[in-house]
2 protein chains.
Amino acid sequence: MRNLTLKQIRYFDALARLGTFSAAAEACAVTQPALSMQIKEMEEGAGSPLLERGPRGVRLTAFGTMVHQRAKAMLAILEDLDGLSRAAGGAPAGKLRLGVIPTIAPYLLPAVITRLAEEFPDLSPILRESMTSRLIDELLDSRIDAAILALPVDEPALTEVALFTERFVLIRPQQEADRPVPNRDKLREMRLLLLEEGHCFRTQALSFCDMPSTQPREMLDGSSLSTLVQMVGVGVGVTLIPEMAVEIETRSAAVSVSRFRDPQPLRSIGMVWRKSSPMEAHLMQIAEVVRACGLRLRQSRGLTTLPGWRRD
Amino acid sequence: MRNLTLKQIRYFDALARLGTFSAAAEACAVTQPALSMQIKEMEEGAGSPLLERGPRGVRLTAFGTMVHQRAKAMLAILEDLDGLSRAAGGAPAGKLRLGVIPTIAPYLLPAVITRLAEEFPDLSPILRESMTSRLIDELLDSRIDAAILALPVDEPALTEVALFTERFVLIRPQQEADRPVPNRDKLREMRLLLLEEGHCFRTQALSFCDMPSTQPREMLDGSSLSTLVQMVGVGVGVTLIPEMAVEIETRSAAVSVSRFRDPQPLRSIGMVWRKSSPMEAHLMQIAEVVRACGLRLRQSRGLTTLPGWRRD
DNA sequence: GATGTATATAAGATATTCTGATGCGAAACC
DNA sequence: GGTTTCGCATCAGAATATCTTATATACATC
C-alpha cells in the first residue's frame with residue numbers, strides 16, 4: 001500500500017462501482033489487462049485480496065469495501081481540488097466584504113484597494129475595520145467574506161492563509177535616539193505605551209516583553225498607534241509599533257525609530273475565511289494581491305537596507 | 001489537475017513543510033530536479049502557481065495553501081489505508097461481541113463459530129441474538145463490536161459490508177405442492193403467516209407482497225420461523241422463509257418448498273460495525289469468514305440446481 | 001460438448017520519471 | 001568588491017512503469 005497511485009484508486013473505484021474488469025476498463029478508457037494489472041498490483045501492495053473473482057464479475061471483499069470507502073474519499077478531495085483550480089482561473093467579481101484590524105487597515109488598505117481595482121475591475125470591496133475577536137464573529141456569522149488580521153486564529157471552521165510577516169519597531173523620543181536599543185528585559189522597566197485592551201497588537205507586544213497581559217500595569221493605554229506615537233513625541237514614554245506603520249505615523253512626530261536585535265519581535269499577517277466559502281477560489285487570488293501589497297510596503301521603506309528575502 | 005499523481009502530492013507536501021526544493025527532495029529520497037519537475041507539472045496542471053520562489057526557499061501562494069490542505073487530507077487517508085492493510089495481516093484475537101438477528105442466527109451461526117474457531121483459535125466470540133433495532137442501539141453504544149443483519153442499515157456512524165444475498169421461498173402445506181406458484185398478487189389473497197412486529201424479515205416479506213406494514217392484517221403472527229413452518233404443516237396457511245432456514249425448518253413438517261419466479265424476493269445479509277472501531281481490520285477478516293459460510297450454506301442445499309454465481 | 005463471457009498472462013511498444021551534469025541568480029562571507 | 005555558498009531550472013540519456021495486442025484459461029449456459 002506504500003506505492004499506491006491515484007490511477008490505481010481510480011481504476012479500483014470504477015471496478016467497485018461497475019462490477020467487472022471489462023466494464024471498468026472501458027469506463028477508464030484503457031484495456032482490460034491494463035486495469036487487471038493495476039488491481040493486482042494494488043492487492044499485492046495491500047497484502048490481502050480486495051475482491052473475490054467470480055465467473056460473472058467481481059465483488060468486494062470486506063477489506064475491499066473498507067478500501068473503497070477511502071478511495072471514494074480521496075476521489076472526492078480530488079474533485080474538490082479540480083474545482084478549486086478551475087475556479088482559480090476566473091477573475092473575482094461582485095461584492096467582497098472584507099474586514100481588517102485597526103493596526104493594519106490605515107497602512108495596508110490604500111495600496112490594497114488600488115491594486116484590487118486595477119487587477120479586478122469588476123470587484124466591489126466593502127471594507128470594515130474591527131478588532132480580531134469581532135471580525136471572527138462576523139466571519140462565522142457570514143457578515144463578512146474574509147478578514148485580514150494577525151495569525152494564528154485557530155478556528156476550525158476557518159481557513160487561514162499566511163501572507164507576510166512584519167517586525168515591531170521601537171519608538172522613542174528623538175533625544176533618546178543615541179541610547180542603545182534595549183533588550184526585552186530592559187524594555188520591561190521602561191514606560192511602555194500600548195493600545196487598549198482588545199487589540200491583538202497589545203497582546204503581542206506584551207508577550208514579546210514576557211509580561212502577562214493580565215498583570216496590573218501602570219502604563220498608559222492609547223486608542224490608536226497614532227496617539228501612542230504622538231505621546232512618545234512629547235516624552236511620556238516609549239512604544240512599539242508594527243513596521244508597516246512607521247512611515248505614516250512618524251512623519252509628524254519628534255521620535256526615533258529603532259529595530260531590535262534578534263530575535264526580533266514580529267507578527268504574521270494573514271487572511272482568513274470560512275472553509276465553506278463559495279468564493280474560496282476568488283479569495284485566494286485576492287489574498288495574493290494583499291500579499292504583494294504587504295511585501296511591497298515592507299521593501300519600499302528606507303528604514304534600513306532592504307530586509308532581504310527570508311522565510312518567516 | 002486532472003493528471004495529478006500521489007507522488008506529486010507527496011512531493012508537494014514535503015515541499016510545503018520543509019520550504020526548499022532540495023530539502024524536500026532529500027526527504028523524498030529523490031534528486032532535486034525530479035522534485036522540481038513534478039511540482040512544475042502540478043502547477044501546469046492546476047493553471048496557477050502553487051508557490052512563490054525566492055532566493056532562500058519557497059513559500060506557498062494562497063492557492064498553494066488551499067491545495068496543501070487537500071494534500072494533507074489525502075495523505076491522512078493514505079496513512080489510514082496503510083494501517084488498515086498492515087493490520088489486515090494479523091489474525092483476530094481476543095473477545096468479539098457479535099450480534100445476530102433471529103432469522104439468521106440459528107442457521108448461520110453453527111457454521112460460523114466452527115469456522116472462526118478453526119481460522120482464528122485465539123478469538124473468543126461472544127454471541128447475542130436480537131432484532132435489528134436493538135442491535136443497532138447496542139452497536140452505537142459499544143455494547144457489541146459488530147452485528148450480522150439484513151442491509152441496508154443506513155446509520156452514518158456505522159460501516160456496512162454486504163456479504164451475500166439469499167432468496168425467500170414459499171412454504172405451503174404438503175398437499176398444495178402441485179399447485180402453481182403464486183405471484184405476489186395472488187399471494188396477497190392467501191393466508192400469509194408472518195413473524196411478529198419488529199422482525200425485519202416481516203417487513204421485507206410484506207414489502208414483497210406490496211402490502212404496507214401498517215395495514216391492519218387478519219393474519220397470524222408467529223414468534224419464530226420454526227413456529228410458522230409448523231403451523232403451515234397443519235394447514236393454517238402459507239408462509240415465507242429465508243432460503244437459509246429451509247433445511248432445518250422443513251425437516252420435521254409436512255410442507256412443500258417452492259421458489260418464486262423472477263423477480264424473486266431476496267434480502268441482503270451484511271455485517272456492520274462502528275466506523276470508529278479499532279478492530280476494523282479484524283472485523284474485515286471475520287466478515288470474510290461469515291461470507292464464506294453464507295455462500296457455502298447457499299450451495300450445499302439440494303433444493304434446486306446450484307444457483308450459480310451472480311452479482312446480487 | 002460448443003459457445004459466450006470474463007479474467008489472467010506474456011511480449012513488445014510507448015510513456016513517464018529519474019539521475020547526473022550544468023547554468024544562472026541572489027544572498028552571505030571575508 | 002570579489003568570492004563562495006545556497007538554491008532552483010534545464011537538459012540529455014538511462015531506467016522504470018505502463019499500456020496494448022494477442023493468447024490462454026476458467027466457468028456457466030445452451
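Because only heavy atoms are used, hydrogens play no part in the values below, and waters and symmetry mates are left out as well, while side chains stay in. Proteins come first, then strands; the chains are lettered A, B, ... in the order of their sequence lines, and each starts at number 1.
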*With sequence neighbours left out, which residue pairs that include part of residues 62-75 of chain B fulfil the salt bridge (charged side-chain N to carboxylate O under 4.0 Å, His left out) condition?*
A:D80-B:R70, A:E280-B:R70

*If a pair satisfies salt bridge (charged side-chain N to carboxylate O under 4.0 Å, His left out) and one of its residues is in residues 281-291 of chain B, list it, with sequence neighbours excluded.*
A:E52-B:R291, B:E288-B:R291

*Taking the side chain as every heavy atom from C-beta outward, state whether B:L283 and B:M271 have any atom pair closer than 4.5 Å.*
yes

In whole Å, what is the span from the [atom1] atom of [X] to the [atom2] atom of [N]?
X: A:L18; N: C:dT7; atom1: CG; atom2: C1'; result: 16 Å
X: B:Y11; N: C:dT16; atom1: OH; atom2: C1'; result: 12 Å
X: A:R59; N: C:dA6; atom1: CZ; atom2: P; result: 16 Å
X: A:I39; N: C:dT7; atom1: CD1; atom2: C1'; result: 12 Å
X: B:E52; N: D:dA9; atom1: CD; atom2: P; result: 13 Å
X: A:Q38; N: D:dT20; atom1: CD; atom2: P; result: 11 Å
X: A:N3; N: C:dT17; atom1: CG; atom2: P; result: 14 Å
X: B:L4; N: C:dT17; atom1: CG; atom2: P; result: 11 Å

Look for any protein N or O under 3.5 Å of an N or O in nucleotides 2-7 of chain D and output each such pair with its distance, or none.
none

_List the residues meeting side chain to side chain contact (heavy atoms under 4.5 Å, CB included) with A:S207, not counting sequence neighbours, and say none if there are none._
none

*What distance separates A:D13 CG from A:L78 CG, expressed to the nearest 0.5 Å?*
11.0 Å

_With rounding to the nearest 0.5 angstrom, report the OG1 to CD distance, A:T165 to A:Q264._
10.0 Å

*Pairing of A:E166 and A:R259 as salt bridge, 4.0 angstrom limit*: no

*Can you check side-chain hydrogen bond (donor to acceptor under 3.5 Å, both in side chains) on A:S22 and A:E26, steps first, answer last?*
CA-CA 6 Å; A:S22 332; A:E26 190 182 350; over 6 Å; no

*Among residues two or more places apart or on two chains, list those pairs meeting ring-ring contact (aromatic ring centres under 6.0 Å, His included) that have a residue in residues 12-42 of chain A.*
A:F12-A:H68

_Once ring-ring contact (aromatic ring centres under 6.0 Å, His included) is applied, what residue pairs with a partner in residues 41-60 of chain A remain, sequence neighbours excluded?_
none

Donor-acceptor contacts, no H, no angles, side chain residues 60-67 of chain A, under 3.5 Å, sequence neighbours left out:
from: A:T61; atom 1: OG1; to: A:P49; atom 2: O; distance (Å): 3.1
from: A:T61; atom 1: OG1; to: A:L50; atom 2: O; distance (Å): 3.0
from: A:T61; atom 1: OG1; to: A:F63; atom 2: N; distance (Å): 3.4
from: A:T61; atom 1: OG1; to: A:G64; atom 2: N; distance (Å): 2.9
from: A:T65; atom 1: OG1; to: A:T61; atom 2: O; distance (Å): 2.9

*Of the listed nucleotides D:dT18, D:dC8, C:dT17, the one nearest the side chain of B:R53*: D:dC8

*asked:* Going by side-chain hydrogen bond (donor to acceptor under 3.5 Å, both in side chains), name the residues that satisfy it together with A:E160, two or more places apart in sequence or in a different chain.
replied: none

*With B:E249, which residues qualify under side-chain hydrogen bond (donor to acceptor under 3.5 Å, both in side chains), at least two apart?*
B:Y107, B:S226

Close N/O contacts between protein and nucleotides 12-15 of chain C (under 3.5 Å):
none

*Can you sort out which residues in residues 30-37 of chain B have a heavy atom within less than 4.0 Å of DNA chain D? Ascending by number, please.*
B:Q32, B:P33, B:S36

*Per the end-axis method with five pairs at each terminus, what is the bend angle of the helix from C:dG1-D:dC30 to C:dC30-D:dG1, to 10°?*
30°

*Output yes when at least one side-chain N/O atom of A:K40 is less than 4.0 Å from OP1 or OP2 of C:dT7, else no.*
no

*Counting only side-chain N and O atoms of A:K7, is one of them less than 4.0 Å from OP1 or OP2 of D:dC19?*
yes

*Below 6.0 angstrom between ring centroids: does that apply to B:F201 and B:F168?*
yes

